[in-house]
S.K.: 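Quick one: the structure is below, questions incoming.
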2 protein chains.
Amino acid sequence: MSTIKDVAAEAGVSIATVSYVLNGTKKVSREVEERVLAAAQKLNYRANSTARNLRRNETRIIGYEIPYPNKGDDASLMQLFVYGISLEAANYGYHIITFTVPERRNPIEHYEHMIHSDRVDGFILTDTNWKDERIHFLLDHKIPFVSFGRTRTERDYHYVDVDGAYGIQQVVEYLIRKGHRQIAFIAWPENSLSGDGRLQGYIETLEKSGLDYDPKFIRRVHNTANAGYEAARELLTQEPLPTAIVCVSDIIAIGAIRYAQQHGLAVGKDIAISGFDDLALAQFVTPALTTISQPIEEIEREVVRLLIRQLNGNPDPNHQILIKPKLIIREST
Amino acid sequence: MSTIKDVAAEAGVSIATVSYVLNGTKKVSREVEERVLAAAQKLNYRANSTARNLRRNETRIIGYEIPYPNKGDDASLMQLFVYGISLEAANYGYHIITFTVPERRNPIEHYEHMIHSDRVDGFILTDTNWKDERIHFLLDHKIPFVSFGRTRTERDYHYVDVDGAYGIQQVVEYLIRKGHRQIAFIAWPENSLSGDGRLQGYIETLEKSGLDYDPKFIRRVHNTANAGYEAARELLTQEPLPTAIVCVSDIIAIGAIRYAQQHGLAVGKDIAISGFDDLALAQFVTPALTTISQPIEEIEREVVRLLIRQLNGNPDPNHQILIKPKLIIREST
DNA sequence: ATATTTAGGTTAATCGTTTAAGTTATTTTG
DNA sequence: CAAAATAACTTAAACGATTAACCTAAATAT
């Protein structure tokens with residue numbers, strides 16, 4: 001593998017000149033420039049990025065913690081996300097390095113290690129929760145990052161998030177237009193900010209529409225189909241009976257649908273059930289799932305763009321971005 | 001951020017001594033060792049990995065191309081895979097860097113670039129196909145790699161694969177025991193080696209059991225629920241009618257189930273349908289899916305282990321590993 | 001008592017770049 | 001026309017580690 005020295009020798013110039021030509025960082029005569037370019041081409045030279053990084057004190061690598069894939073969780077959205085940010089980062093000459101935090105271990109240690117051993121220039125965060133210590137740690141240490149999803153803090157940081165309340169509002173208003181008055185909601189546990197945003201959308205839309213908001217119509221469960229199944233059982237074996245169940249995720253909706261079907265209800269007729277995410281499978285379950293689709297590619301683009309601007313020392317002043325999701329009506333409502 | 005110089009100054013020794021102590025690569029007196037350790041601790045020192053990599057001529061980074069997520073493909077297995085190899089690699093002090101190859105672009109270029117700019121020490125490959133040019137390229141250039149999935153070549157390389165033929169054999173034998181005689185198979189297109197292995201398992205098991213093998217019972221489609229739906233339509237609108245459909249993947253099975261249900265067939269009674277993969281969702285579709293489960297964690301462990309041994313210059317002579325999957329019987333058969 | 005080995009360090013070269021600070025020849029300026 | 005400015009390179013010092021080669025004093029061998 002050829003180094004800058006080889007290219008310099010081949011072109012008959014000093015290594016500095018080669019560097020200047022290849023980086024375009026200093027004026028060089030046309031003739032010499034061509035000689036260097038030809039030599040580099042001939043030797044199939046590519047700069048050793050380790051050496052460059054050492055000298056420039058950067059890595060052009062972005063750290064991304066892959067969230068722990070809970071049993072029963074669907075992970076396909078996150079898979080798309082890793083693909084998308086890798087692709088997007090490559091447009092800027094950056095790469096994504098993935099790491100994991102073993103269950104119940106302190107994440108901070110791992111972030112600290114990545115930074116401290118100079119492995120990454122910044123981070124992309126997902127799966128943020130109510131009080132996300134990672135965000136405070138990174139802010140405290142002035143380490144560039146962008147989060148997909150918010151946390152509950154007054155501090156100013158860069159994030160991109162989906163306007164979940166808006167999405168739920170769309171589906172609830174649609175259900176009301178179709179004549180539903182008893183609308184239940186299956187939510188996530190309490191430390192999920194995005195989950196609470198969606199719940200908030202449900203409550204506010206009901207109130208705005210002049211409908212009672214009944215706490216008995218709200219269930220909080222983990223994000224598994226099994227939990228959706230159980231929640232549906234509770235909702236459908238109490239009074240008053242809901243005529244529609246809005247779910248905080250497709251996975252939960254699929255579990256809820258399963259319970260309803262097993263107990264003789266025709267989903268989409270006897271009862272309406274909706275999800276959130278628009279998984280690849282959503283259109284192929286029976287009945288096809290009415291859901292809310294997140295514009296994942298736009299999210300990826302924005303997240304990477306915000307981070308790269310920080311890394312270039314040119315942060316976007318408009319760095320709290322809320323993206324509107326889209327209601328997709330299928331057969332289940 | 002403190003460097004080895006700071007530690008040396010703090011401990012009152014040369015930087016060489018610090019390096020020797022921290023790496024345990026030369027004998028040092030107890031007293032000095034303790035001073036160095038204390039200084040390192042006090043300054044919260046961690047070696048700059050860029051500098052170390054430059055000197056050692058390694059990166060301790062493994063490249064992984066995230067396959068292009070085809071629309072409608074389920075990607076949750078791959079998500080688990082990235083998580084798993086990241087976790088496993090960390091046990092050896094390695095990290096995973098992800099990259100993508102834009103659709104219809106030549107993958108070799110991208111692999112070459114990663115190697116040539118010294119970003120990675122080796123690769124993990126997935127989604128290998130019949131004639132995988134990546135494998136030949138990496139072999140030709142003596143670049144360490146391990147592939148999850150085989151390709152069709154006589155050349156000797158390191159891989160881990162699931163014994164798909166064995167898995168299909170399990171389900172076909174089970175169906176025969178339950179009395180089925182007209183068993184159809186929905187396969188993948190022809191350039192998929194793992195797909196052909198599964199198909200082979202179907203054909204051989206039928207022949208071994210003395211059943212006719214009818215080419216009309218075989219359909220080849222892409223890995224989407226939609227394609228499964230269409231294939232089921234073809235199979236169920238021709239003579240002779242199958243009483244069971246074995247699918248090469250859960251995704252396809254879900255599409256097939258949907259067609260059967262829409263046309264008045266009770267899946268699990270009127271017709272048996274099975275999948276392959278055991279997606280998180282498999283147990284929550286209606287009816288719950290009979291399928292074949294891949295021991296994904298064992299695969300991840302083996303893939304990483306084989307690669308690390310290569311990188312350490314100590315390749316495992318037994319480096320073609322076939323892992324047996326497991327039949328999981330649910331309601332759909 | 002002298003020569004040799006060993007223990008426990010230090011010095012300095014090296015990895016492959018980038019880039020500030022020279023250097024030299026040529027051009028411009030007053 | 002001498003002085004100053006410019007153009008086009010080169011030299012050499014970093015970046016932060018690792019490690020071969022060297023050094024010195026104490027321990028061991030002859």
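Lettering follows sequence order; numbering is per chain, from 1.
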S.K.: In plain terms, say whether B:Lys131 and B:Glu133 are close enough for a salt bridge, that is, a side-chain N and a carboxylate O under 4.0 Å apart.
M.R.: no
S.K.: For B:Asp6 and D:dC15, what is the distance between atoms CG and P respectively, to the nearest whole Å?
M.R.: 11 Å
S.K.: How long is the straight-line distance from CD1 of B:Ile85 back to CD1 of B:Ile296, given to the nearest 0.5 Å?
M.R.: 9.5 Å
S.K.: Going by modelled atom types, is there a donor-acceptor pair between the base of C:dG9 and the side chain of B:Lys26 at under 3.5 Å?
M.R.: yes
S.K.: Between D:dA8 atom P and A:Glu34 atom CD, what is the distance in whole Å?
M.R.: 14 Å
S.K.: Taking the six-membered ring where the residue is Trp, are the ring centres of B:Phe137 and B:Tyr111 under 6.0 Å apart?
M.R.: no
S.K.: Contact class for B:Asn48 vs. all strands (heavy atom < 4.0 Å): base, sugar-phosphate, or nothing?
M.R.: sugar-phosphate
S.K.: Is A:Arg305 salt-bridged to A:Glu302, going by a charged N under 4.0 Å from an acidic O?
M.R.: yes
S.K.: Distance check needed: D:dT19 C1' versus B:Lys27 NZ, whole Å only.
M.R.: 19 Å
S.K.: Is it true that B:Asp140 and B:Arg155 make a salt bridge, defined as a side-chain N closer than 4.0 Å to a carboxylate O?
M.R.: yes
S.K.: Pick the closest DNA chain C nucleotide for B:Asp118 and for B:Glu31 by heavy atoms, then say which residue is nearer the 5' end.
M.R.: B:Glu31
S.K.: What integer distance in Å separates A:Arg35:CZ from D:dC9:P?
M.R.: 8 Å
S.K.: D:dG16, OP1 or OP2 - any side-chain N/O from B:Thr50 closer than 4.0 Å?
M.R.: no
S.K.: Listing time: all N or O pairs from protein to nucleotides 11-15 of chain C that are below 3.5 Å?
M.R.:
{"residue": "C:dT14", "atom": "O2", "partner": "B:Arg55", "partner atom": "NH1", "Å": "2.7"}

S.K.: Judged by modelled atom types alone, do B:His158 and B:Asp316 share a side-chain donor-acceptor pair under 3.5 Å?
M.R.: no
S.K.: Please give, in whole Å, the distance from D:dA17 P to A:Asn53 CG?
M.R.: 15 Å
S.K.: Rounded to whole Å, how long is the line connecting atom CG of B:Leu22 with atom P of D:dT19?
M.R.: 13 Å
S.K.: Closer than 4.0 Å, any side-chain N/O of B:Asn23 to the OP1 or OP2 of D:dT18?
M.R.: yes
S.K.: Check the distance between D:dA12's C1' and A:Ile4's CD1 and give it to me in whole angstrom.
M.R.: 14 Å
S.K.: Among B:Tyr94, B:Phe123, B:Phe81, B:Phe99, which residue satisfies the ring-ring contact (aromatic ring centres under 6.0 Å, His included) criterion with B:Tyr64?
M.R.: B:Phe81
S.K.: Using a cut-off of less than 4.0 Å, is there contact between a side-chain N or O of B:Ser19 and OP1 or OP2 of D:dT18?
M.R.: yes
